[in-house]
Each structure stands twice: as C-alpha cells, then as structure tokens.
Amino acid sequence: MGAIIQTLLTDSGCLLHLCGTDFEDVTEYRLFTRCLSDQTVVENEKRRMRTKEDGTMNSSALRNPSDPDAAYRNKAGKQYRGYSANIEETAGKNGSVVTDYQYDKNTHTDSQFLQESLSAMEKPEEEIILVTDGGYDGQDNIALAEEKNIRLVTAALIGKEAPDALADFEFNEDGTRLLKCAAGHVPVSQSYTKSAGQCRVSFDRNHCAGCPYQEQCRPKIYKKAASFITSKNASNRAKSQRYMQSEEFSSLARLRNGVETVPSSLRKNYHLDSLPRGRQRGKFFFGSKIAALNFRKLFGFRKGLGNYAQNPVLV
C-alpha cells in the first residue's frame, strides 16, 4: 500500500508541475491542490512528497476532494471523521418524538449547535426545560436560554468544582457587584474586573475571621479587613451543583439518558454509518432516517406499545 501511495504522490507532483497555474479557476483542480497541500509535505530538494500524519493536520484539512465539507476532530481520545449531528427530542406523558436536528461539519461544537438552535427559536409563552449533557454548559448558553424563556439543565458540568457556599452569594443582575455573602454580610468595598468577570471584595476582618464559610471562601485576612475574589459565574455554578443533588434533577437526568437511545437506534435499525458523501446529501438522508424513526414511534404508540413507566417530571 505504501508503494502505491508513493506512486500516486509522484504522479500528482508531475501533474502539478505540468498544469502550473493554468487551471486555478477550475473547482476540481483547486480541491485537488488543496488536498495535496493539506495532506502532504515536501521532503527534500527533489520535491518528493509524503503524507502527513493525522496528528500534524488541523481539523479543517481536506480529507477527500469529492467531499470538501467533511472534517475530522479528536474528542475524548478518539478520532472522528466526516460530519456531526445534533438531535432534539421532545418528551411528554404520551411518549417522545424527535422535533429537530442539525447536521454540520465535524468541527461544529455542541455549544455552537445549541446557540444556533436557541437563536432560531421563537420565545414560548410557558417556560421550557431543556436537558442536555455537559458539552452544552456555559454561562453564555444559559443566558441565551433565559432570553428565550428556556431553563437549561445540563446533566454534567465542565471545569473546576465551585465551593457550595457560593450558591448563597447574592449579586446584582449583571454580576458586577456582590450584594451579600453566604453569611449575610455586605462588603465594605469592592472592585470589578470586566475582562475576567470577577469581583474583588473586602469585608470587615471580624466578619470573615471565624466565619463558618471561611474554609470555602478562603479570604486573605489582614489587620482590619479580609478580601477574596469571586464571581457571579462561580455562584451560578455552585447553585447548579446543589441542584444536581435534588430529586427533580435525577428525574430530568433520566430523560437526558433516554435520548441516548436515539443515535443507537439510528445506527442499529437505519444504517446511520452508511450515509452518502457531501453535507447536503448527508443531511437529507439523515433527516429521512429521523422521519422513519418518528413514524416507528407513532406506529408503536397507535398499537399501544408506547406505555412506559412515567417520569415524575412529566406527570
């Protein structure tokens, strides 16, 4: 196989030399030259080409000239090629149905999918609970969801854990001032760093020294004052961590886990791994498989096969 590839690369180099710049206005030729540029390197003065290793190529490298939108990425130690999809399932007491899906380059992140979906939605009159995994977490996403009257609940949190006491901190609406700490004390003075989104707060020394939350806030104790740095984002994270211990969250997390059956069902029953090349064609066929899955859900419900144990949050 190595000899065949090297022969093809040698022929490609000769073709590039013969064509020069005469065909730069031809789409197929531009894709051909881009593929060689992204996947090969010139080894020596004789312009001998060799293929790059995956680790030396960025995620936007052209893998196949016949499918220019396909990309690859490393996620959780594994390599993924082609495209990625995002599925939205709506659940109620009578069952569930896939109500929307997105299909884009493999480099499209979960957060980007969520922001695009929320931006396209009309604001509902009643609050909607949207349950996702940890990849959709983030204060920007939470704020965008609140604008759409949607409560975003993530089944996991990304990043460093926040001290539980921060959940009882009270900030103003834009998070530029701390109004009250967990012990109910008001800062003597404070300043806000916009770039970091953090408040540096100072309290009376007697309020922090010996406070039951001192080990969590970890203030620097001075002769007359005590100070530390905090933020509304950290407070919101602590509130999310505390909420994750509730029964309601456990019920919502079970709903989120149920969504995992959708991609596994698509792979097992609808041959999801054999989609055609090309983003538009792939998106159409993926949507067709979603429609088939929904019809199967409908037929099962009509036959009385959709009776499952009710989730408490849906009753």
Side-chain angles (χ1 to χ4, degrees), residues 12 24-41 51-89 98-121 130-142 144-145 148 152 154-156 158-159 256 259-268 270-294:
S12 298
E24 289 186 346
D25 57 338
V26 179
T27 301
E28 290 77 6
Y29 183 73
R30 289 202 304 268
L31 291 174
F32 167 66
T33 55
R34 177 190 162 194
C35 184
L36 288 177
S37 176
D38 289 350
Q39 295 200 38
T40 64
V41 292
T51 57
K52 292 181 180 179
E53 299 294 332
D54 280 349
T56 63
M57 288 189 289
N58 59 44
S59 57
S60 62
L62 181 62
R63 307 291 301 192
N64 191 324
S66 64
D67 193 4
D69 290 325
Y72 82 97
R73 67 186 297 194
N74 291 317
K75 185 177 181 181
K78 295 182 180 180
Q79 289 186 349
Y80 297 89
R81 292 179 173 87
Y83 299 88
S84 61
N86 187 62
I87 299 172
E88 180 182 298
E89 185 180 44
V98 178
T99 50
D100 195 13
Y101 74 95
Q102 296 159 284
Y103 189 89
D104 214 311
K105 293 182 179 181
N106 204 10
T107 52
H108 222 63
T109 65
D110 293 338
S111 184
Q112 288 175 312
F113 276 130
L114 176 62
Q115 291 173 10
E116 291 171 1
S117 178
L118 291 176
S119 299
M121 289 179 61
L130 179 60
V131 190
T132 68
D133 63 24
Y136 300 82
D137 186 34
Q139 293 304 314
D140 292 340
N141 295 344
I142 293 174
L144 180 58
K148 297 289 185 175
L152 180 63
T154 55
I158 299 175
R256 168 64 188 86
V259 180
E260 294 295 341
T261 62
V262 175
S264 62
S265 177
L266 289 172
R267 286 192 173 92
K268 180 180 179 180
Y270 301 97
H271 311 291
L272 184 62
D273 294 325
S274 58
L275 291 176
R277 290 176 178 173
R279 181 164 57 177
Q280 293 301 323
R281 293 180 64 199
K283 184 175 182 180
F284 172 78
F285 277 85
F286 184 78
S288 299
K289 296 178 188 299
I290 292 290
L293 176 66
N294 281 339

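Just so you know, these numbers come straight off a predicted model, no measurement behind them.
Between Gly135 and Asp110 the shortest heavy-atom distance is O-CB, 3.8 Å. The two residues Lys148 and Leu118 make their nearest non-hydrogen contact at CE-O, 3.0 Å. In this structure, Tyr83 and Gly278 approach most closely via the heavy-atom pair OH-C, 3.6 Å. Of all the heavy atoms in Phe285 and Pro276, the pair that sits closest is CD1-CG, 3.4 Å.
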### Task
Mind running side chain to side chain contact (heavy atoms under 4.5 Å, CB included) on Tyr136 and Asn86 for me, showing each step along the way?
CA-CA 11 Å; Tyr136 300 82; Asn86 187 62; 2.3 Å; yes
### Task
Check step by step if side chain to side chain contact (heavy atoms under 4.5 Å, CB included) holds for Leu130 and Leu114.
CA-CA 10 Å; Leu130 179 60; Leu114 176 62; 3.7 Å; yes
### Query
For Ser119 and Gln115, what are the C-alpha separation, side-chain angles and deciding distance, and is it a side-chain hydrogen bond (donor to acceptor under 3.5 Å, both in side chains)?
CA-CA 6 Å; Ser119 299; Gln115 291 173 10; over 6 Å; no
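The closest donor-acceptor contact from the side chain of Tyr101 to the backbone of Lys283 lies under 3.5 Å. Distance alone, capped at 3.5 Å, is enough to place a donor-acceptor pair between the Ser264 side chain and the Thr261 backbone. At least one donor-acceptor pair under 3.5 Å links the side chain of Asn294 to the backbone N or O of Val98. Judged purely by atom type and a 3.5 angstrom limit, Asp100 has no side-chain atom pairing as donor or acceptor with the backbone of Glu88. Side chain of Thr154 to main chain of Val131: no donor-acceptor pair is present (N/O by atom type, distance under 3.5 Å, no hydrogens or angles).
Remark: Arg279 CZ to Asp104 CG distance equals 5.0 Å, nearest 0.5 Å. With values rounded to the nearest 0.5 angstrom, Ile87 atom CD1 is found 10.5 Å from Gln102 atom CD. Note that the CG atom of Leu272 and the OG atom of Ser265 stand 10.0 Å from one another [nearest 0.5 Å]. Taking NZ of Lys289 as the reference point, atom CZ of Arg267 lies at 12.0 Å (rounded to 0.5 Å).
Between Ile290 and Tyr103, the closest side-chain pair of non-hydrogen atoms is not below 4.5 Å. With a 4.5 Å cut-off on side-chain heavy atoms, Asp137 and Leu152 do not count as touching.
In this model, a donor atom of one side chain and an acceptor atom of the other lie less than 3.5 Å apart for His108 and Glu116.
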